[in-house]
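Sequence lines set the chain letters: A, B, ... in the order given, protein chains first and strands last, and positions in each chain run from 1.
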2 protein chains.
Amino acid sequence: MATTTDAPTRPELAVLTACCAPAQAAVADGNAQALADMFKALADPARVKIMAMLLNAEEVCACDISGGIGKSAATASHHLKILKDAGLATSEKRGTWVYYRAVPQRLNALVEALALSQ
Amino acid sequence: MATTTDAPTRPELAVLTACCAPAQAAVADGNAQALADMFKALADPARVKIMAMLLNAEEVCACDISGGIGKSAATASHHLKILKDAGLATSEKRGTWVYYRAVPQRLNALVEALALSQ
DNA sequence: GTATCGGTTCGACGTTCATCAAAACAGAAC
DNA sequence: GTTCTGTTTTGATGAACGTCGAACCGATAC
């Protein structure tokens, strides 16, 4: 076994650095799973494009998303459901159409978890 | 078809908001794929724990990571390779042991891509 | 009422992934 | 040289994922 070098104090770290003993995960199992689930929701090019569309337009009709990502309507609906389940997007039905929005607060949670980079 | 509401100008957006026409992805295919690949590298609880260990300790012996995530050495090596391939970690062999470090600059790229939340 | 259109869900298919046991590899100690 | 010890790679297996066509549900138009 080898001990690690001195751990630098990084008070700005929110989630990823809760404790410091080496040979032990610094995030609890639940936190790691929750973070991984959010990353997984973004771990597909189609969903990255969808989030970019939502963040650009504040509100996007579902009918525009299928063409925006170049996939079938069924596939687009599948990805939108994943983003909704992850809390990264919300939907609202108005008449015939469904409109999607991004949830910036959820993205903020990710930024805070990563806000340790240099 | 329905047009979206006015797109708010968000000059701080680096990657996700390059253009603005609705019904069209705001990120190029290559960018979306690159971002998705980085998110995918973090889309597993074991890898989230590993990154937290690396960010806490500045340098971690590979021998400590297996126990830290509660998986076999082979599995730990597998996850470390994924993090290395994504550019999120580097390794250095000194004598018998291998030491891993985080690459904060790569995490910064993700933060900038997400730095649009509220 | 029926017909049509937008969106979601279901079912199936092929691909990718996480995991571990076992084998292979690389140094260090003898 | 041989024998450990730590790490990576290989192979196999079961689970999860992305994709699309078809079926389904809601709301509008006729």
Practice prompt. With heavy atoms under 4.0 Å as the rule, sort B:A74 into base, sugar-phosphate or nothing.
Written response: base
Expected list for residues 87-94 of chain B: side-chain donor-acceptor pairs under 3.5 angstrom, two or more places apart:
residue	atom	partner	partner atom	Å
B:S91	OG	B:K84	NZ	2.9
B:E92	OE1	B:R94	NH1	3.2
B:R94	NH1	B:E59	OE2	3.3
B:R94	NH2	B:E59	OE1	3.1

- Message: Between A:R47 and B:A36 (side chain of the first, backbone of the second, donor and acceptor by atom type, cut-off under 3.5 Å), is there such a pair?
- Response: no
*asked:* Strictly distance-based, threshold 3.5 Å: is any side-chain N or O of A:R106 a donor or acceptor partner for the main-chain N or O of A:A86?
replied: yes
side-chain N/O A:T75 vs D:dG18 OP1/OP2, d < 4.0 Å
no
[X] has a side chain; which of [options] sits nearest to it?
X     : options               : answer
A:V98 : D:dT7, C:dA18, C:dG7  : C:dG7
A:D44 : D:dT19, C:dG7, C:dT19 : D:dT19
B:H79 : C:dT19, C:dA28, C:dG7 : C:dT19
A:S77 : C:dA18, D:dG6, C:dT9  : C:dT9

In whole angstroms, the gap separating P of D:dG18 from NZ of A:K49 amounts to 14 Å
Separation of C:dG7 atom P from A:I65 atom CD1, nearest Å, is 9 Å
*Pair B:Q33-B:D37, side-chain donor/acceptor within less than 3.5 Å*: yes
Numerically ordered, the residues 83-94 of chain B set in heavy-atom contact under 4.0 Å with DNA chain C is B:K93
Please answer: with hydrophobic residues joined when any side-chain heavy atoms are less than 4.5 Å apart, are B:I82 and B:L107 in the same cluster? no
